[in-house]
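The figures that follow rest on heavy atoms only: side chains count, while hydrogens, waters and symmetry mates do not. Keep in mind it's a predicted model, so treat the numbers as computed, not measured. Letters go in sequence order (proteins before strands), and every chain restarts at 1.
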Amino acid sequence: MSNKEKYFKYQEAFKWVADASHGIPKRVPIYAQLCELIPGEMGKSAREVFQDPELLNIGTFTVCDKYGIDVPSVDFDCYNIEAEAIGQKISFHDDIMPDIDRTHPLIQNECDIRKIVTPDFDKAGRCSFVVDLYTVFETLTGVKASIAFCAPFTLAANIRGIETLVMDMCMRPKFAHELMTAVTEELLIPWLEYMKGKFPQAQALVGADALASLPIVNIKLMNEFIAPYVERLREACGPKVCVPNWTGERYAKNPEEMMDIRLRVNPGFIEGQDPDVEALGPEFYKAYAEKHDVPLLLGVGAVFLRTSTPKEVFDRVKHYVEVGGKNGRLWFYLCNIEPGTPMENIKAAVEAVHTYGTYRE
Amino acid sequence: MSDINEIQEALIAGDGEKLIELVEAALKEGTEASEILSEGLILGMDIVGEKMKNSDMFIPEVLMAAHAMRSAVEILQPLLGEDGDASRGKVLIGTVKGDLHDIGKNLVTMMLESAGLEVTDLGVDVAPDVFLESIKKDKPDVLALSALLTTTMPMMKETVDAISESGIRDQIKIIVGGAPVTQSFAEEIGADGYAADAGSASQMAKEYC
């Protein structure tokens, strides 16, 4: 069997994803963020994995198959790509994913904003690696990819420093808006348009924005400095642009207020992940999703997966699937699986989804 | 004492300009710099820490309060003299070897400094022998270790072990934190405490100093 035929099998799980978006699928599909397991699984260094599109794809499929993950999503260090393209220093390592070199932020003062210019995406940083990554994915699976990018706030934080950016927003709001405008208009809109040109049928353009979460920011900053720039991206690049991974609603006095802001930047579905789901309960997320007539993505936490017993994992996932999967419209997610996570815990999570999330054989 | 209360309120609100005005006015009226520091600013930051722990304040508000505090301390510092040292104790902090993440560590550092603790930040990717050397030289009360990766958590144990083997373990309290770290891991490696967030780390360090 050729590689191409071998990986076409994932098309069925992608059909469950599509079915769950509006109704009851054959089974609740399971995603996982698993790229940190790939170097160990493939016997290669992280330095190699995160610069080799074929290795990263095959590694993703290998880990998915090993643990029974239905839906392969090609994860990579998507927080670094656009920053690297305009000259932010990135550190590459043998044993961990590449990361921003936070000791040398690109934007050290207000004049540095001029460094944010639209790069030549054919040549800049690892932009071509990202194009190749999705090209290989689509070729091997026959499925149109969802394109990942770094959303405006986390991108600005990565080139400015998170504490400095938050202080800019509090004390130098004019400059903070100029910075957010520059990363949005000069970098992200051109980059997303470039990617849309390469992948016109992409299912979604999914912004990663982990730093735009409570308690790192507050509701005021979300409303004033963060959400508007995602909305601008959606206006410029279309409704396929979304930013689903803001977290921390468990810290909010009124979690629904934060969910309402989240819905502005991700109107297509609701995402909840541990430890928020652990704190607020899957019932909160299901009720919110039903109220707004959207599907739900629930994620079980990385630390919980690593440190619990298989029974604890099974019981929690069972609860999430029973509550979240009532009447369908649920996708399930294993958050950033860490190296060292017991294999039996991942399998317990998968087994619980299969047992309680199968609607028809 | 009403001035002191106003100073606390301005600090908690992160209103640096008002805080400086109030501090200067209090000094003019004859309030001791040490009293302004301990009763107004440090107690004010204790309230900030408590509010953060209870999710009544988030990091932007804490950063603003810390910034205001630094501005006020700059005014008071020359007046404090040797006996009026702002420090409540010494903390050594760093991200362990192999780990380059610093956001969490920096937030903890900010909270510690705002709580009136003297902090030496060794940065990221810090080897056990570098921690050890710094402990011997500076004699901190607390060592705070950070890690974001499961792959670097074992380096926390190596650091704790290196300190134990050097015979100075009983001279320092060790607290650990970071996304993958848990209470049980802290106990397993022989740390004195686990802090789930910056506010808790600051609270714990103050108790140990």
message: Could you work out, with side chain to side chain contact (heavy atoms under 4.5 Å, CB included) as the rule, every residue matching Ala157(A), not counting sequence neighbours?
response: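 Ala157(A): side chain to side chain contact (heavy atoms under 4.5 Å, CB included) contacts with Ile162(A), Leu165(A), Leu211(A).
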
message: Checking Glu21(B) now: which residues fulfil side chain to side chain contact (heavy atoms under 4.5 Å, CB included) with it, not counting sequence neighbours?
response: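 Partners of Glu21(B) by the side chain to side chain contact (heavy atoms under 4.5 Å, CB included) criterion come out as none, since no residue qualifies.
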
task: Counting only heavy atoms closer than 4.5 Å, note whether Met153(B) contacts chain A via side chain, backbone, both or neither.
output: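 Looking at Met153(B), just its side chain touches chain A.
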
- request: Examine whether an atom of Leu149(B) lies under 4.5 Å from a heavy atom of chain A, and if so say whether it belongs to the side chain, the backbone or both; otherwise answer neither.
  value: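 The answer is the side chain of Leu149(B).
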
Point-to-point distance, once rounded to the nearest 0.5 Å, from CG of Leu63(B) to CE of Met171(A):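 Taking CG in Leu63(B) and CE in Met171(A), the distance rounds to 10.5 Å.
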
message: Once rounded to the nearest 0.5 Å, what's the spacing between atom CG of Leu221(A) and atom CZ of Phe58(B)?
response: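 Taking CG in Leu221(A) and CZ in Phe58(B), the distance rounds to 11.0 Å.
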
query: Who in residues 172-180 of chain B is close to chain A, using a strict under-4.5 Å heavy-atom cut-off?
result: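 At a heavy-atom separation under 4.5 Å, chain A is reached by Ala179(B), Pro180(B).
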
Under 3.5 Å, which donor-acceptor pairs link chain B and chain A? Put them in a table for me, please.
| unit_1 | atom_1 | unit_2 | atom_2 | d |
| --- | --- | --- | --- | --- |
| Asn54(B) | O | Lys253(A) | NZ | 3.1 |
| Asp56(B) | OD1 | Lys253(A) | NZ | 3.0 |
| Ile59(B) | N | Pro215(A) | O | 2.9 |
| Glu61(B) | OE2 | Asn218(A) | ND2 | 3.2 |
| His101(B) | NE2 | Asp99(A) | OD2 | 3.0 |
| Asn106(B) | ND2 | Glu163(A) | OE2 | 3.2 |
| Thr150(B) | OG1 | Pro339(A) | O | 3.0 |
| Pro180(B) | O | Arg306(A) | NH2 | 2.2 |

query: Any idea which heavy atoms bring Ile216(A) and Pro60(B) closest together, and the distance?
result: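 Closest heavy-atom pair between Ile216(A) and Pro60(B): O-CD, 3.3 Å.
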
